[in-house]
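Below: the structure, in structure tokens.
If you're wondering where the values come from, they're calculated on a predicted model, not measured in any experiment. FYI, side chains are in, hydrogens and waters are out, and symmetry mates aren't considered; it's all heavy atoms of this structure. Residue numbers begin at 1 in each chain, while the letters A, B, ... track the order of the sequences.
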Amino acid sequence: MTDWQRYLQPEKVEEALAALDSAGGRARLVAGGTDLLLDIQQGRHPPVEVLVDVAGIHEMGHIRVDGDVALIGAAVPHATIVDYPELKARASALTEACGLIGGPQVRVVATLGGNVAHALPAGDGTIALLALDAQAELASPGKREWLPLADLFAGPGQTTFDRSRQVLVGFRVPLSGDREASAFYRVMRPQGVAIAILNVACWMRLTTGGEIEAIRISCGPAGPMPLRCRQAEAALLGLSLSAMDWDNAGEALLQDARFRTSPHRATLEYRKHLAGIVLKRVVTAAYHRAARPATEAA
Amino acid sequence: MRLWVNDIAYDVEPAPGEMLSTLLRERLGLTGTKIGCDEAECGICTVLLDDEPVLSCTLPAPKAAGRRVRTIEGVATDDGLHPLQEAFVALGAVQCGFCIPGQIMAALPLLESNPNASEGEIREALKDTLCRCAGYPTIVRAVQAAGANMERGTPIEPPPLPETDTTYIVGHVMVRPDALPKVTGKALYADDFSYPGMLIGKTLRAGIPHATVLRLETEAARRLSGVRAVLTAADIPGEHNHGLVVKDWPALVGIGEKVRYVGDAVAIVAADSEEIARQALALIEAEYETLPVVSDPVQSRQPEAPVLHEKGNLLKHIKVRKGDVEAGLAEAALVLDETFYTPITEHAFLEPECSIARPLPDGRIEIVVGSQIPYSDREQVARCLGLRHEQVRVIGTLIGGGFGGKEDIAGQIHAALLAQATGKPVKILYDRHESLLVHPKRHATQIRVRLGAAQDGRLIACETELYGDTGAYASLGEKVMTRATTHSAGPYVVPHVKADCYAMYTNNPPAGAFRGFGVTQSAFAIESVLDELAERLHLDPVELRRRNALRVGAVTNTGQLLTESVGLIECIDRVDAEMRRRAGGDPFRSRRVAGQPHLRRAWGIAAAYKNTGLGGGAPDRATAEVELYDDGTAEVRTSSAEIGQGLVAVLQMIAAEELRLSPERIHVLLSDTDLTPDGGPTTASRQTYVTGNAVRFAAEGVRQAMSAALAERFDLPPEQVKFVEGLAQVDGQRLSYGDVARVMKAEGREPRASYEYWAPATQPLDSGGRMHFAFSFAAQAAEVEVDTETGEVRVLCIVAANDVGRAINPLGLLGQVEGGVMMGLGNALTEEFIVEDGRVFSDHLARYRMPGISHTPEIVSIVVEHPTSEGPHGAKGVGEIVSIPTTPAITNAIAFATGVRIRRLPVDQDWLALEIARRGALPEAI
């Protein structure tokens with residue numbers, strides 16, 4: 001069972017750090033708790049003596065847009081992100097991804113920070129942030145630093161930072177401008193285990209002539225960590241939509257990704273089959289969005 | 001910490017590990033919020049936290065500190081029900097009621113911010129709030145009606161459904177009487193009850209599929225402070241085994257005895273709290289010698305398979321013989337030979353099992369439980385406790401869904417043993433995990449069909465061979481597989497039939513009753529082969545079925561002459577007409593979708609039949625009592641169970657019809673072995689017919705006694721007494737029914753009648769073939785859309801026609817149709833209870849997928865009525881037939897859309913996508 005002994009609700013990051021520190025490794029952060037508490041209850045995580053609930057920490061619970069950058073607190077619930085107009089318009093991959101997590105009740109409490117800290121290779125919000133080239137702010141006692149998102153992950157469910165000592169405070173997400181857009185696509189299977197089979201996110205910038213000037217593609221599960229698909233990106237760079245060779249791009253994605261069979265979830269063969277299909281759908285969606293005139297995009 | 005719940009401030013001390021749901025239910029006594037899964041999957045525990053919907057089962061209680069919580073108890077105001085509550089009641093969206101608080105709380109914030117919410121927005125808001133009775137379209141309509149009322153003041157009214165005009169109440173739209181408490185949170189299910197001094201019981205399960213128990217050490221557990229009893233098989237005073245038919249299921253497996261599935265119980269504890277009970281279980285040491293596992297029925301039948309029961313692994317070999325099947329196949333122009341596979345599936349009723357046992361001062365034991373068969377519970381509990389039946393009282397509570405999964409014993413015997421040992425009330429509540437492991441499932445099957453037909457499509461011979469996985473214990477396996485077998489040639493006239501079925505024990509969880517009862521499986525097989533036959537013979541699938549359909553005067557595959565009430569052809573015709581109207585052109589051609597080249601659509605069709613009643617020579621009877629009171633109200637009493645199917649409403653309506661008394665003045669008391677006579681099991685779609693008749697005749701008996709008393713009092717012939725709307729008219733006078741009751745008592749007559757109704761006799765399978773006294777028939781058409789790249793399948797529309805003899809309660813029937821279709825849809829596309837080598841993989845709801853509101857197609861319900869001569873007002877069974885043709889209609893549609901034939905359930909999109917890719921070509925499209 002999830003029998004925490006003490007439940008703390010600090011109001012500042014520093015208080016949270018202090019609480020973690022004094023618990024000597026026996027504490028864990030929780031925001032929505034929708035992953036952690038179920039993991040503990042079902043034996044995938046050892047019991048935790050002290051829960052430090054960061055949902056009430058002001059700087060972690062808000063979204064601020066500063067020109068072309070959004071600062072999203074790690075404890076902002078998905079429901080808030082999904083409804084935020086500036087994010088819907090200029091960080092579509094993120095709002096689409098967060099909108100697919102769980103259901104409405106879960107999205108009221110589950111957070112982007114929780115999704116990232118869980119460090120699963122297929123975390124929807126995480127995959128979107130990766131394609132959007134987000135950075136994460138990590139707090140340790142007496143120190144704050146900004147890191148590229150990819151630097152947070154060490155393996156499936158493993159972070160490079162110590163979740164019993166450090167706090168993910170928030171994310172810095174560049175917002176799409178003219179001729180830039182992003183998209184997210186997910187395939188789930190209605191039987192067996194309720195986890196995504198394949199998540200792909202794409203961000204791109206187009207030239208005035210409609211060719212891809214810059215592109216980022218991320219996907220999962222495709223290995224131990226959320227993956228940037230650099231070969232797939234290279235296969236599409238410089239092309240306009242009509243010139244894209246999807247078979248080639250799909251092959252390139254298969255070079256990037258280490259797919260495998262997950263029992264009762266998806267076979268390796270199915271994932272390989274889907275790779276090109278999903279890539280096409282998400283890149284096409286992002287392309288159409290990016291190609292829309294600026295006045296329409298908002 | 002302080003929190004506000006329904007505008008009342010509470011100051012409580014946070015408790016370790018406490019979720020908001022526990023705080024609400026157990027500390028604040030607000031039991032309206034229900035727990036379905038404890039794993040944030042089902043949504044029924046939804047409450048509002050500062051006006052936003054959250055899952056209270058996984059929300060730590062301290063998160064609510066300083067905040068405002070709203071539960072179902074806080075929705076109605078002093079002015080009355082909220083429009084949502086009113087609409088759920090009026091539109092018939094309330095069935096078993098267990099999910100309803102969650103549905104209302106999830107819909108409430110949407111309507112309060114946007115009463116004009118679109119259907120898409122409503123579905124999105126309710127996306128993860130499950131309803132297993134699954135009248136999702138009705139739920140959507142209820143939310144829309146509430147919204148219209150909130151926005152524009154539009155009155156909330158029951159839907160306009162076809163009604164009869166020849167009867168007073170029966171056949172009319174009526175709001176079910178048990179709906180109101182279910183929308184206010186006042187409805188009480190077993191876990192909502194608590195008694196002073198009550199202990200919590202928990203069960204230690206083996207966790208291994210096949211083993212001998214070597215050692216059980218309970219001393220450490222006994223010594224734990226707060227533990228009041230630890231029992232093993234050695235402590236059972238009476239019989240060790242229970243079972244509905246074959247008593248082969250040990251209540252507790254003892255030392256030297258065999259564990260046959262992971263859910264077998266080896267010890268039970270009763271303690272002061274759940275936490276202590278859990279700790280006690282962990283202190284019990286159990287040692288096993290593992291044995292090789294039998295994991296499927298075909299393997300089980302092999303001579304070298306490990307032997308699971310003394311009499312061997314074969315529970316029953318079921319045979320059907322008619323004519324000469326080899327000669328028939330030889331004569332056929334075409335013979336098809338295909339094999340089909342259906343998986344284990346799970347009822348997933350939203351209310352996990354809960355039993356409370358209370359020792360009574362007079363030495364009796366009382367069991368409070370949501371059970372489909374209270375009298376059988378009584379018998380099985382008494383046997384194990386070494387008591388006489390009369391020493392056990394079973395009080396049935398409201399049941400949060402059954403579907404056949406609450407017919408077998410769950411915690412009743414264990415709770416009773418612990419209550420007997422401790423002298424205190426003991427509650428045993430399963431969480432979803434334990435429920436999934438323990439209770440009987442739907443039989444997995446392998447079904448081979450050899451079907452021979454003439455060139456014109458006339459069926460000549462059908463040979464079927466079925467294997468059924470009945471799991472570790474018999475449960476109702478023999479009956480289920482008999483049903484699967486006798487229905488395995490489909491609802492068709494087939495001169496030559498040979499069917500052999502092997503119901504085999506395995507080390508998988510036991511399989512038993514589950515809505516459809518074997519016919520779900522065999523209908524998938526035969527209806528798939530029918531379509532293959534149509535394709536090969538270049539015949540229209542509808543015409544092929546019409547040509548061979550059973551009709552009055554036909555003989556079934558068991559040799560039964562059908563003399564009445566066969567509405568199959570009308571079902572086929574009406575579904576066909578509606579399907580063609582919607583499809584425009586040929587419904588069975590694969591169609592493209594404009595702008596989406598990867599999508600294909602097509603329709604598919606299937607037909608089915610299902611027995612009403614136990615059949616096969618089993619005595620099928622029910623007893624009911626009807627009593628008139630001085631205040632002019634009446635009570636109907638029988639032990640039959642309301643599992644959400646609407647039995648209370650049906651019995652109320654039947655009694656109202658006979659007594660000419662308004663339904664609001666009739667109370668229905670169910671499921672108490674002390675107070676209500678035996679109505680028989682709630683199974684086999686039998687309650688409306690059998691118990692309905694018992695109620696009808698009992699009510700008639702009361703009415704006749706009323707006439708007789710008044711005739712005597714007024715010295716007139718009884719025919720001159722008339723009953724209209726609760727008033728007796730005689731000799732120019734009007735007496736209220738209360739007056740009549742007083743007149744009767746004054747004359748020494750009790751205003752009460754009891755009737756034991758025996759359904760028409762049937763014969764066992766191997767002796768003459770009149771197996772069932774009635775059959776229900778159905779046809780369904782499904783329109784599917786397949787993403788030919790990803791293999792994803794979406795059902796767009798289901799047209800369902802059901803011959804129910806007579807619709808007693810049209811609104812209740814609609815709920816059953818919608819829910820049955822959704823169960824069929826889940827059976828086709830999403831549901832698979834995965835067991836590997838006897839170990840359960842699907843042990844959490846996150847691993848057992850059921851369709852939700854976002855999977856719900858448009859459902860068109862066509863009611864067909866070919867009355868029976870003996871059923872109440874001509875009615876026959878409804879509960880199961882509505883769910884049976886759905887699966888093959890969907891898989892047949894997939895075949896038309898993609899060219900891929902489905903022979904294994906559920907449809908695996910992984911496999912389907914790869915299969916489509918492998919073929920390289922899709923059917924020609926229009």
**Request:** Go through the atoms of A/A110 and report whether side chain, backbone, both or neither lie under 4.5 Å from a heavy atom of chain B.
**Result:** neither
**Message:** Just so I understand: if I count every heavy-atom pair under 4.5 Å between each of A/A266, A/G33, A/G102 and chain B, which residue has the most?
**Reply:** A/G102
**Prompt:** Which atoms of A/T267 come close to chain B, meaning under 4.5 Å heavy atom to heavy atom: side chain ones, backbone ones, both, or neither?
**Reply:** both
**Item:** Residue A/Q5 versus chain B: region with a heavy atom under 4.5 Å
**Value:** both
**Request:** Run the numbers on B/E836 and B/R839 for salt bridge (Lys or Arg N to Asp or Glu O under 4.0 Å), then give the verdict.
**Result:** CA-CA 5 Å; B/E836 297 165 305; B/R839 287 182 188 273; over 6 Å; no
**Request:** State whether the side chain of A/S22 and the backbone N or O of A/A18 hold a donor-acceptor pair below 3.5 Å, judged by distance alone.
**Result:** yes
**Fill in**
For residues 53-63 of chain A against chain B, heavy atoms under 4.5 Å, the residues are A/D53, A/A55
**Message:** Are the side chains of B/E274 and B/R278 in contact, using a 4.5 Å heavy-atom criterion?
**Reply:** yes
**Asked** Considering only heavy atoms, which portion of B/D50 lies under 4.5 Å from any heavy atom of chain A: side chain, backbone, both, or neither?
**Response** neither
**Prompt:** Can you list the steps and then say if B/D51 with B/R68 is a salt bridge (Lys or Arg N to Asp or Glu O under 4.0 Å)?
**Reply:** CA-CA 8 Å; B/D51 299 322; B/R68 291 173 302 114; 3.3 Å; yes
**Asked** With chain A, which of B/E789, B/H598, B/E124 has the greatest number of heavy-atom pairs at distances under 4.5 Å?
**Response** B/E789
**Request:** Go through the atoms of B/L59 and report whether side chain, backbone, both or neither lie under 4.5 Å from a heavy atom of chain A.
**Result:** side chain
**Prompt:** Taking B/L829, B/D843, B/T58 one by one, which has the highest count of heavy-atom pairs under 4.5 Å against chain A?
**Reply:** B/L829
**Asked** What part of B/P60 gets closer than 4.5 Å to chain A, counting heavy atoms only: side chain, backbone, both or neither?
**Response** both
**Message:** Quick check: closest heavy atoms across B/P53 and B/T46, and the distance to 0.1 Å?
**Reply:** CB-CG2, 3.8 Å
**Request:** Using the side chain to side chain contact (heavy atoms under 4.5 Å, CB included) rule, pick out the option among B/I894, B/V907, B/T898 that qualifies with B/V784.
**Result:** B/I894
**Message:** Check for me whether B/R847 meets the cation-pi criterion with B/F841, that is, NZ or CZ under 6.0 Å from the six-membered ring centre and within 45 degrees of the ring axis.
**Reply:** yes
**Request:** Taking all heavy atoms of A/C229 and all of A/C219, pick out the closest pair and write down the distance.
**Result:** SG-SG, 3.6 Å
**Message:** Let's test your reading of the structure: which of B/E39, B/E41, B/E792, B/H844 forms the most heavy-atom pairs below 4.5 Å with chain A?
**Reply:** B/H844
**Request:** Look only at the side chain of A/R107 and the backbone of A/G99, and say whether a donor-acceptor pair between them is shorter than 3.5 Å.
**Result:** yes
**Prompt:** Measuring heavy-atom distances to chain B, does A/R271 have an atom under 4.5 Å in its side chain, in its backbone, in both, or in neither?
**Reply:** neither
**Item:** Derivation and outcome, salt bridge (Lys or Arg N to Asp or Glu O under 4.0 Å), residues B/K63 and B/E18
**Value:** CA-CA 11 Å; B/K63 267 190 174 297; B/E18 187 183 53; over 6 Å; no
**Asked** Side chain, backbone, both or neither: which part of A/I197 has a heavy atom under 4.5 Å from chain B?
**Response** side chain
**Message:** Does the plane of the ring in A/Y270 sit parallel, tilted or perpendicular to the ring in A/H273? Use 30° and 60° as the thresholds.
**Reply:** parallel
**Prompt:** Shortest non-hydrogen contact from A/A128 to A/L94?
**Reply:** CB-CA, 3.8 Å
